[in-house]
Amino acid sequence: MTRRPRGVLCERARSWAALAPDGELSELEHRLLHAHLARCGGCRRFAGHVTEITEVLRRERLTPLSRPLEVAMWRRSSTFARIRTVSAAAAVAVMALGIAARAPLPMDGSSSPQTLRFEPAPVLTDQVRELNELRDFRRELLVGPQSTVRHFGDQPA
């Protein structure tokens, strides 16, 4: 028997079930959780286990530690930080060189590259007028003649 993956709704309901014993759910989340638990037996069992474990942990007395906890911290050496900084600067320099190598060079020997200017094509007024007339004609065929638009305050009594 293969195990079927849980859906998004079950994952969300289980995360809500973990927050519910601490009272960290909004009213909407609380209602959605209860609606889901009414339909889903697996999530209902999970929520029951979470509630039981929470109650057992809260009933137990606090036990003092026999010795303080020590957490080992890994510190980066200053050499590593310098190497990382130098390598980042080298990467930026290589990118700048690559961009500069692909830049177009001036053909006439001047020191600055020529700028290309693009100008819009002249508007063909007769063709544009014909296209607008065709659009209006097609619109009248599809929709009918345009009537006057009534605004909010112009509604008939």
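Among all heavy-atom pairs drawn from Leu33 and Ala20, the shortest one is CD2-CB, 4.2 Å.
Atom CG of Leu37 and atom CZ of Arg14 lie 10.0 Å apart (nearest 0.5 Å). If you take SG on Cys10 and CZ on Arg39, they are separated by 9.0 Å, rounding to the nearest 0.5 Å. Note: Leu28 CG to Trp16 CH2 = 6.5 Å, rounded to the nearest 0.5 Å. Atom-to-atom distance recorded for Cys43:SG and Arg12:CZ is 11.0 Å, nearest 0.5 angstrom. In this structure, CD in Glu130 is found 10.5 Å from CG in Asn132, a value given to the nearest 0.5 Å.
Glu29 contributes a side-chain N or O that, together with a main-chain N or O of Ser26, makes up a donor-acceptor pair within less than 3.5 Å.
In this structure, His36 and Leu32 have side chains that are not in contact, with every pair of non-hydrogen atoms separated by 4.5 Å or more.
Residues meeting the side chain to side chain contact (heavy atoms under 4.5 Å, CB included) test with Glu55, sequence neighbours left out: Thr51, Arg59.
Phe46 and Leu9 fall into different hydrophobic clusters, defined by Ile, Leu, Val, Met, Phe, Trp and Tyr side-chain heavy atoms under 4.5 Å apart, directly or through other members. Under the 4.5 Å side-chain contact rule for hydrophobic residues, Leu25 and Val50 do not share a cluster.
When the shell of 6.0 Å around CD of Glu27 is examined, it contains 12 or fewer heavy atoms from other residues, nucleotides or ligands. At most 12 heavy atoms of other shown residues, nucleotides or ligands fall within 6.0 angstrom of atom CZ in Arg138.
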